[in-house]
Amino acid sequence: MLGSAAASRDQTTVESRMPESAPPRPTRAEPREVLELKNLKAAQPDLASAIDMQIALLDMQRRVQSRVPLPWIETDAAWLRSQYAAGRAVVRFADIPIDWSDFRLTLRQTADILRRFDALEPNDHRAIVDLGRDSGFEPLVKRWYESTSGVNGDKNPHALSDAPAGLDQVLVLALRPFLARCAEVLMQRTDLPPWTHGHCPYCGWEPDFSVITRAAERRLICGRCLAQWAYDSISCPFCANHDRSRITSFAARDGCYRVSACNVCRRYLKAYDTRNALRPVMVGVDTIATLPLDAAAIQRGYVG
Ligand SMILES: [Zn+2]
Ligand SMILES: [Zn+2]
C-alpha cells in the first residue's frame with residue numbers, strides 16, 4: 001500500500017511540473033512514462049534494452065523522490081539576483097535535502113542497474129560501490145557538486161579526474177531525486193530575473209534535451225535536475241553561437257523530434273516539438289525514443 005501511495009503522490013508531482021495541460025491520468029497504477037516506454041518497446045524492439053534500463057532507473061528514482069521532502073531554501077533575493085547576473089547556479093550544496101544513507105543506497109542501486117544493462121564495466125561498478133561506502137564519500141560528492149555547478153564561481157567539470165569511469169553518470173542519476181526537489185521549489189519563484197545562459201540556472205549542469213512549445217519558443221531541460229528554462233530558439237546553448245548559418249537542424253521522420261547541431265563547437269541538442277505532438281514532453285521517454293537521432297548526429301560528426 002505504501003508503494004502505491006508513494007507512486008500516486010509522485011505522479012501528481014510530475015504532472016504538475018509539465019508546462020502544458022496534462023493528459024488524463026492512466027487508469028492503471030503504472031506511471032504514464034512507463035506506459036509510454038512499454039508502447040515504445042513494442043513499436044521499436046531494437047530499443048528494448050535501453051527501455052528496460054530506463055524503466056528500472058525511473059522506477060527507482062520515483063521511489064526515492066517520494067521520500068525526499070521539499071526543501072526550505074532560504075535565499076535572499078539580492079543574493080539570487082547577483083548569482084543570476086553572474087550566470088551562476090543558485091542551488092548550494094547545503095540546500096539539497098540529502099539523507100546520506102538514502103543517497104548511498106540510491107548510488108548503489110543506480111550503479112547496479114547500469115551494471116545489469118552493461119552500461120558500466122565490472123571494475124568501475126565495484127570501484128563506485130566502494131566509494132559509496134568510503135568515509136570520504138560525503139566530501140567527494142560535495143566537491144563534485146560545487147565544481148560542476150559553479151555555484152561558488154569556480155566551475156571545473158573535471159574536478160574528479162582520477163575517479164572511476166562512469167562516476168559522473170552514476171552521481172548525476174543518483175543525485176537527481178534530491179536535486180529535483182530544489183528545482184521544483186525554485187521554479188515556483190516569480191521574483192527571479194530572466195536567465196539567458198545555456199546552463200541550468202539551478203544546478204549549473206548542461207541541458208540534455210529541449211522542448212519547442214506551441215508558441216515556437218524553446219525550453220532547455222537540465223540533464224541533472226530536469227529543470228526547464230527558456231532559451232533563444234536559434235543559439236547554441238554550449239558555446240552561445242547565434243549565427244544561424246552555422247547551426248544545422250534536422251528532424252526525425254515523424255516530425256516530433258528535432259536535432260539542432262552547432263558547426264562551431266560541434267555539440268548538438270535534441271528537441272521534442274510539441275507543435276506536432278499529441279502529448280507534453282516526457283524526458284524519460286523522449287530521450288530514449290530519440291536514440292536513433294543521436295546515432296544520426298554522431299554519424300555527422302557531432303558530439304552529444
Ligand atoms: Zn539543473
Ligand atoms: Zn556551439
Side-chain angles (χ1 to χ4, degrees), residues 13-14 17 19 61 65 68 70-71 73 75 80 83-84 86-98 141-142 144-152 155 157 168-189 192 194-211 218-250 258-271 281 283-284 287 294 297-298 300-304:
T13 309
V14 170
R17 286 169 63 191
Q61 289 174 343
Q65 198 166 336
V68 180
L70 276 178
I73 300 182
T75 34
L80 281 175
Q83 290 289 102
Y84 264 62
R88 288 183 196 160
V90 295
V91 173
R92 292 158 299 194
F93 189 69
D95 293 328
I96 309 172
I98 295 186
V141 175
K142 182 171 190 278
W144 173 77
Y145 177 77
E146 291 185 339
S147 58
T148 53
S149 66
V151 64
N152 301 327
K155 205 167 188 171
D168 255 348
Q169 187 192 8
V170 175
L171 284 175
V172 163
L173 293 170
L175 191 62
R176 179 171 295 163
F178 303 90
L179 195 52
R181 288 293 199 204
C182 299
E184 249 175 85
V185 168
L186 287 164
M187 280 170 77
Q188 310 284 334
R189 284 187 72 140
L192 294 171
W195 177 265
T196 55
H197 304 278
H199 55 276
C200 174
Y202 309 109
C203 81
W205 198 257
E206 291 183 334
D208 185 40
F209 205 77
S210 60
V211 56
R218 180 166 61 159
R219 296 178 66 77
L220 306 185
I221 302 174
C222 178
R224 178 156 63 182
C225 75
L226 302 185
Q228 297 188 8
W229 68 101
Y231 189 72
D232 181 89
S233 59
I234 298 294
S235 302
C236 168
F238 304 106
C239 76
N241 161 41
H242 57 267
D243 177 354
R244 190 185 284 259
S245 71
R246 301 178 82 186
I247 300 279
T248 301
S249 179
F250 53 95
R258 302 192 63 80
V259 170
S260 170
C262 174
N263 295 319
V264 175
C265 70
R266 308 300 296 175
R267 302 284 307 269
Y268 72 90
L269 189 67
K270 300 182 290 187
V281 65
V283 189
T287 49
D294 288 286
I298 290 164
R300 294 176 189 215
Y302 297 106
V303 285

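Atoms within a ligand are numbered from 1 in the order they appear, just like the ligands themselves.
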Heavy-atom donor-acceptor pair, [X] side chain to [Y] backbone, under 3.5 Å:
X	Y	answer
S249	A261	no
R224	L175	no
R92	V151	no

Checklist entry - Between the side chains of R300 and T248, does any donor sit under 3.5 Å from an acceptor? => result no

Checklist entry - What's the verdict on side chain to side chain contact (heavy atoms under 4.5 Å, CB included) for R218 and R258, showing C-alpha distance, side-chain angles and the deciding distance? => result CA-CA 12 Å; R218 180 166 61 159; R258 302 192 63 80; over 6 Å; no

Next on the checklist: Before moving on, can you tell me the angle at the Zn ion (ligand 2) between the SG atom of C236 and the SG atom of C239, to the nearest 10 degrees?
Outcome noted: 110°

What pairs of donor and acceptor atoms, side-chain ones from residues 196-208 against any protein atom, are under 3.5 angstrom apart with sequence neighbours left out?
unit_1 : atom_1 : unit_2 : atom_2 : d
H199   : NE2    : G87    : O      : 2.7
E206   : OE1    : R267   : NH2    : 2.9
E206   : OE2    : R267   : NH1    : 3.1

Checklist outcome for this item: Report for the Zn ion (ligand 1), protein N, O or S closer than 2.8 Å, by chain and number, lists C200 SG, C203 SG, C222 SG, C225 SG

